[in-house]
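Residue numbers begin at 1 in each chain, while the letters A, B, ... track the order of the sequences. Values below: every heavy atom of this structure, side chains too, minus hydrogens, waters and symmetry copies.
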2 protein chains.
Amino acid sequence: MAGPVRRTRRRSASKSDRMDIHAVAKLAHVSIATVSRTINHIPTVNPKMAKRVWEAIRELDYFPNTQARALVSGRSRLLGLIVSEITNPFFPELIQGFEEVAVENGYEVLIGSTNYDPERMKSCIRRMVERNAEGVAVMTFGIEQPLLDQLADRKIPLVFVDVAPNRPGMSVLRVDYHHGIRQGVQHLAALGHRSIAFVAGPLRLHSAQSRLAAFKKALQECGIPVEEKFIIEGDHTMEGGLAAAARILEHKNLPTAIMCSNDMLAIGVLHKLSRSGLQVPGDVSIIGFDDIHMAEMMIPSLTSIQMSRADLARAAVSALRTHLEGSTPKREYTIDTHLVVRESTGFPRGTMTRLRKFTAKRAESAAESTQ
Amino acid sequence: MAGPVRRTRRRSASKSDRMDIHAVAKLAHVSIATVSRTINHIPTVNPKMAKRVWEAIRELDYFPNTQARALVSGRSRLLGLIVSEITNPFFPELIQGFEEVAVENGYEVLIGSTNYDPERMKSCIRRMVERNAEGVAVMTFGIEQPLLDQLADRKIPLVFVDVAPNRPGMSVLRVDYHHGIRQGVQHLAALGHRSIAFVAGPLRLHSAQSRLAAFKKALQECGIPVEEKFIIEGDHTMEGGLAAAARILEHKNLPTAIMCSNDMLAIGVLHKLSRSGLQVPGDVSIIGFDDIHMAEMMIPSLTSIQMSRADLARAAVSALRTHLEGSTPKREYTIDTHLVVRESTGFPRGTMTRLRKFTAKRAESAAESTQ
DNA sequence: CCAATCCCAGTAAACCTTTACCGCAAATGT
DNA sequence: ACATTTGCGGTAAAGGTTTACTGGGATTGG
């Protein structure tokens, strides 16, 4: 049996111009172990050598190779964040907060967006696993069981919003939708509204369902009847808002207020109502949810229910960190919501007169498109 | 001299439950090389074995470790994308397009945002290098020379918008701001506007400067005087728009139209004008830039100058790919812009009457805050 | 002045994969 | 039936880092 043959396979260029830890070690006249220890701030390294090493690092503009690092240490320093879609302004605001907190804690963020498509969710998960994310926050619809198992089998900590898979290593961020939504309904009730529509999000999203449920409960508490015909399922986009408003306008007796599952829907509804000649809040009041930055800039500015992105982000990172450090995790965090009153809500005066005007007008301009 | 001591340092658990390429090889009764070749679709592998391997992979739910892969192959399959800020809706739309094209080409995307802060730019670059991004697209302000050198030294291909560092491996996406902006000015001129203000972006951004320059040039072409007092530097946010509009309102004779360096500014301006009792477009017409999705939903909907995010994204990825494949790259790509007319522009009628009204009102409500 | 102790830098294994190269077995040619 | 080619699977090195363990030198105690 012939012995193994030794060969060399340098990829290109001379060894000297490759910029790795060996180059630093050579320049600083120390071993690579010392360089590594210096970089990782391990206290057993002599300050004098550390200084030499840092100088060499600066001199060479050396950056450690994250991949090699992660490979050997088993720590990628990567947190995954899976959101629904980045073009809904709520999510960039959330991502920004999440990233900020993650960086504060020495992590980087891997962003995935599902666009509400289970296939894309699958590929997001795949990416998270392939890149060895140490933990993943899922801020979109509920994750399917087999995928969940994949992550669970690999002992990757997970954080969810609302929905709670009962397993070790998983935490839930419970959003107290009820508080904010009740405030909203009470606000409308106090103004005198008795007929309130709700434009829901896609009901396969747990968060959308929770919001709807909270709305119904709040109506009951205020003694306002639930009108099923005024509960419309939308899709959390402005276009969804346009469509939902159009469906509401089909009815003879309009509701005097419309509450929406998120601000994008509310913006669409607002737009559609204005286009149809209805005044907000004169004829119909509108309340959104999320309180995205843009809500304040609408005309009229949008009354909305705020859920702190900062709190959500902070809680998510915090939960993941807790799991990662192995300390017994607090399994549930609660994020609360509250009403921010602006201009899109008011007294339900004059509804009927304007409605007659609107109905008459609708007849003559039947051909107008939604846009 | 004692010979080296052999030891073993398994991280935890029994070897069998680690989920690496060896496990797959064992289950499929082939060597790890065959597994690797199968995964990478190298044609010299016998179909029968390939089938066994794929079955084993499926069975074990095996995912190759990206880090190890990248380490040995020298290819991270990662493209960097550095943007200004993700909370400006223009960028999520851009990011989405970029990611889509990148994924189509087998890459993943590393996103960095600078928030217009050179320090953050530095850390973005650092991340890109540490994670071995194969190419980086810089879609924000110009990059500083030393940082540029860092990337250039590492032979990382770069793509910029507007600004053109003249080096190998770098491409420029030239945006033809002039075309769209001229269309906008011509549109206003045709409506009868003679006094047009411009709310610029932060002028250290090359793109903001280009837009301003294009505006001035377009005015000249249309024979409209440039009024320096009506050229305001903003910051590409809605708040910047509010502030800029406030400054414009300080003047006795208002411009009859305001063009903005981006839509967020335009939204802020629109808001401020409405709050001040001015009608858009009755008193003042407004044109934005970018044509973000939200522009259509404003009331009045915003006339804006569109630059295709999809084209931009596609060109950026394409440029990077060209560099990576080593073929002689086309160094410049041109993205064009065009006007989208909506409701925020109209004839400059009745300006003076309303202005008198507004001036009178301003006196009595001097204490009102901007919001 | 020698021995024991301690501190700390260096050596080399290990992380998981890709891939160059070798060699075995089967197929083909004579 | 033997030699030659071909096809393909296996072995092991390499990629850049962390880190367990070793051992050398300095310091301290006797």
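Take E130(A) and apply the salt bridge (Lys or Arg N to Asp or Glu O under 4.0 Å) test, not counting sequence neighbours, and it matches R126(A). Evaluation of the side-chain hydrogen bond (donor to acceptor under 3.5 Å, both in side chains) rule for E119(B) yields no partner, not counting sequence neighbours. A search for side-chain contact (heavy atoms from CB on, under 4.5 Å) contacts involving I32(A) returns I21(A), H22(A), A25(A), not counting sequence neighbours. Here R37(B) pairs with nothing under the salt bridge (Lys or Arg N to Asp or Glu O under 4.0 Å) rule; sequence neighbours left out. Not counting sequence neighbours, R120(B) has no partner by the salt bridge (Lys or Arg N to Asp or Glu O under 4.0 Å) test. Here I111(A) pairs with I95(A), V109(A) under the side-chain contact (heavy atoms from CB on, under 4.5 Å) rule; sequence neighbours left out. Scored by the side-chain contact (heavy atoms from CB on, under 4.5 Å) test, Q96(A) finds I86(B), T87(B), N115(B) as partners (sequence neighbours excluded).
Taking atom NE2 on H22(A) and atom P on dA14(D), their separation rounds to 12 Å, with Å as the unit. At whole-Å resolution of the value, CZ in R69(B) and C1' in dA14(D) are 17 Å apart.
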Expected rows: protein N/O vs nucleotides 8-10 of chain D N/O, under 3.5 Å:
unit_1	atom_1	unit_2	atom_2	d
dG9(D)	OP1	N46(B)	N	3.1
dG9(D)	OP2	T44(B)	O	3.4
dG10(D)	OP2	S31(B)	N	2.8
dG10(D)	OP2	S31(B)	OG	2.7
dG10(D)	OP2	T34(B)	OG1	2.7
dG10(D)	N7	R37(B)	NH2	2.9
dG10(D)	O6	R37(B)	NH1	3.0

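Within the helix from dC1(C)-dG30(D) to dT30(C)-dA1(D), the inter-axis angle between the opening and closing five-pair segments is 50°, rounded to 10°.
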Donor-acceptor contacts under 3.5 Å from residues 50-60 of chain A side chains, at least two apart:
unit_1	atom_1	unit_2	atom_2	d
R52(A)	NE	A28(A)	O	2.8
R52(A)	NH2	A28(A)	O	3.2
R52(A)	NH2	H29(A)	O	3.3

Throw together a table of side-chain donor-acceptor distances under 3.5 angstrom for residues 98-106 of chain B, partners on residues two or more places apart or in other chains.
unit_1	atom_1	unit_2	atom_2	d
N105(B)	OD1	R321(B)	NE	3.2
N105(B)	OD1	R321(B)	NH1	3.1
N105(B)	ND2	V101(B)	O	2.8

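Within residues 50-68 of chain B, the residues having any heavy atom closer than 4.0 Å to DNA chain D are, in order of number, A68(B).
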